[in-house]
Amino acid sequence: MVDKEILKKQGYNIVGNHSAVKLCYWMRQSLYYHRPCYKQEFYGINTHRCIQMTPSFDRCTLNCVFCWRYNGFESSKKISKEEAEDPKFLLDGIIKAQKEEVSGFKGDPRCNQKMWKESRDPKHVTLSLTGEPTLYPYLGEFIGEIKKRNMTSFLVTNGTTPEVLRDLSALPTQLYISLTSYDEESFKRVNLPEKGVSWNSIEETMKLLPSLDTRKVIRQTLVKGWNMDDVKGYARLINIAQPDFVEAKAYSWLGYSRERLDKDSKPSLEEIREYAQKLSTETGYEIIAESKDSKVILLSNKKKEPKLNLEY
């Protein structure tokens with residue numbers, strides 16, 4: 001069972017019964033040193049105006065070996081509608097929590113005051129942080145509420161709930177699918193699915209993606225010695241999904257993942273570049289950008305020629 005006190009000690013601001021907000025490392029870097037996260041460099045969001053949140057911190061369908069968050073999930077099932085909080089209540093709560101989180105920056109001489117004021121008026125919501133956001137039953141309505149307030153959204157999901165993505169009443173500005181295994185064996189070994197969660201759900205999600213009318217990104221967390229060995233397997237899935245972009249990102253040896261993996265599991269940037277080049281050859285996707293700080297390479301679907309920066 002998720003221990004809320006542990007989450008609070010780790011900097012999570014709990015909102016209601018099943019949601020949370022936490023300032024990411026790059027928020028601080030942005031306000032203090034004008035160093036944005038790679039999502040600003042790639043897609044044009046403003047790091048200092050971004051909320052990092054989860055609508056379901058207490059449940060997930062996977063227990064990935066590389067996950068650096070505190071897990072202890074109490075369920076892999078969807079939150080019931082009876083216990084799920086109202087989308088408007090939830091968005092109001094996370095915006096209030098974000099303002100509380102950034103309030104302490106104002107008095108620090110390193111903090112850019114103009115950016116600090118803007119940080120208290122967030123314009124972007126990233127649904128990730130911890131847990132699986134598609135297990136929140138009012139996800140479409142929540143995304144719709146974000147849109148009503150002229151905010152953009154990134155939804156990050158592990159791809160095990162294609163039926164939720166298919167039936168969303170509103171799609172996010174950008175849909176992230178984490179693809180970190182290439183077949184059933186690697187799925188079981190790397191992602192450690194909960195009972196009843198099958199590899200078939202990943203295959204179904206890949207087939208569904210072309211029909212979803214929003215910008216789509218496949219994100220790969222690559223762990224040396226674990227899930228980098230079958231580029232052709234990944235390419236098969238990416239060619240089915242036809243996302244706008246693919247992010248090849250190096251695993252970072254952080255948090256609770258250090259209890260499961262050793263330090264040598266971190267790929268170097270050069271190894272990620274080599275992997276991305278092989279993936280480019282297999283898929284026809286073009287390498288268009290990289291972030292050295294985050295060790296991530298961005299590949300673009302040349303058939304679609306998607307715009308890199310979002311309207312923001």
Side-chain angles (χ1 to χ4, degrees), residues 38-46 49-56 61 78 84 87-88 90-91 122-129 132-180 200-220 234-249 279 283-286 288-289 298-312:
Y38 77 87
K39 294 182 182 72
Q40 177 169 323
E41 296 173 348
F42 288 178
Y43 307 121
I45 69 164
N46 288 323
R49 304 185 81 173
C50 173
I51 298 176
Q52 179 186 225
M53 62 82 63
T54 173
S56 51
T61 53
K78 186 180 288 189
K88 186 177 183 301
L90 179 54
L91 187 54
K123 291 296 182 183
H124 179 76
V125 180
T126 297
L127 294 83
S128 59
L129 189 56
E132 171 51 43
T134 60
L135 299 180
Y136 171 57
Y138 299 118
L139 182 59
E141 293 85 348
F142 182 64
I143 293 170
E145 188 66 31
I146 292 170
K147 288 186 175 182
K148 286 179 185 177
R149 305 192 194 191
N150 296 316
M151 301 169 76
T152 54
S153 59
F154 284 3
L155 170 62
V156 183
T157 172
N158 61 27
T160 59
T161 57
E163 69 284 355
V164 174
L165 298 179
R166 184 182 296 113
D167 296 334
L168 282 176
S169 57
L171 288 168
T173 313
Q174 183 159 297
L175 174 62
Y176 266 101
I177 304 292
S178 294
L179 182 66
T180 53
N200 289 338
S201 62
I202 304 297
E203 295 265 11
E204 287 181 31
T205 295
M206 296 300 108
K207 294 173 184 176
L208 172 68
L209 282 188
S211 68
L212 299 179
D213 187 19
T214 190
R215 208 159 75 158
K216 291 150 286 195
V217 179
I218 282 182
R219 184 176 69 175
Q220 299 189 282
Y234 283 127
R236 179 184 72 84
L237 295 165
I238 289 167
N239 285 330
I240 291 171
Q242 287 295 305
D244 298 281
F245 299 101
V246 176
E247 291 179 6
K249 189 176 188 301
L279 189 63
T283 61
Y285 278 59
E286 180 182 5
I288 60 169
L298 183 67
L299 297 94
S300 176
N301 189 338
K302 290 195 294 184
K303 293 179 182 177
K304 292 186 176 182
E305 297 184 352
K307 292 181 180 179
L308 192 56
N309 286 338
L310 295 167
E311 293 293 329
Y312 191 69

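Only this structure's heavy atoms are used, side chains among them; waters, hydrogens and symmetry mates stay out.
- Atom NZ of K207 sits in a sparse spot, with 12 or fewer heavy atoms from other residues, nucleotides or ligands closer than 6.0 Å.
- Side-chain contact between L155 and L168 is present, with at least one heavy-atom pair separated by less than 4.5 Å.
- No side-chain heavy atom of V217 sits less than 4.5 Å from a side-chain heavy atom of I177.
- One finds the NZ atom of K39 at 6.5 Å from the OG1 atom of T126 (value rounded to the nearest 0.5 Å).
- Using a 4.5 Å cut-off on side-chain heavy atoms (C-beta onward), M53 and L127 make contact.
- Between Q242 and L209, the closest side-chain pair of non-hydrogen atoms is not below 4.5 Å.
- Looking at D244 and S300, their side chains never bring a donor and an acceptor atom within 3.5 Å of each other.
- The main-chain N or O of T134 is found under 3.5 Å from a side-chain atom of E132 such that the two form a donor-acceptor pair.
- Comment: R236 engages E203 in a salt bridge, judged by a side-chain N to carboxylate O separation of less than 4.0 angstrom.
- In this structure, the salt bridge (charged side-chain N to carboxylate O under 4.0 Å, His left out) partners of R149, at least two apart in sequence or on a different chain, are D92, E145.
- Proximity of Y285 to F245: side-chain heavy atoms (C-beta onward) are nowhere separated by under 4.5 Å.
- Y38 contributes atom OH, which lies 9.5 Å from atom CD1 of I45 (distance to the nearest 0.5 angstrom).
- Between Y176 and T157, the closest side-chain pair of non-hydrogen atoms is not below 4.5 Å.
- The closest donor-acceptor contact from the side chain of T214 to the backbone of T173 lies under 3.5 Å.
- Side-chain atoms of I238 and L279, non-hydrogen and from C-beta on, do get closer than 4.5 Å to each other.
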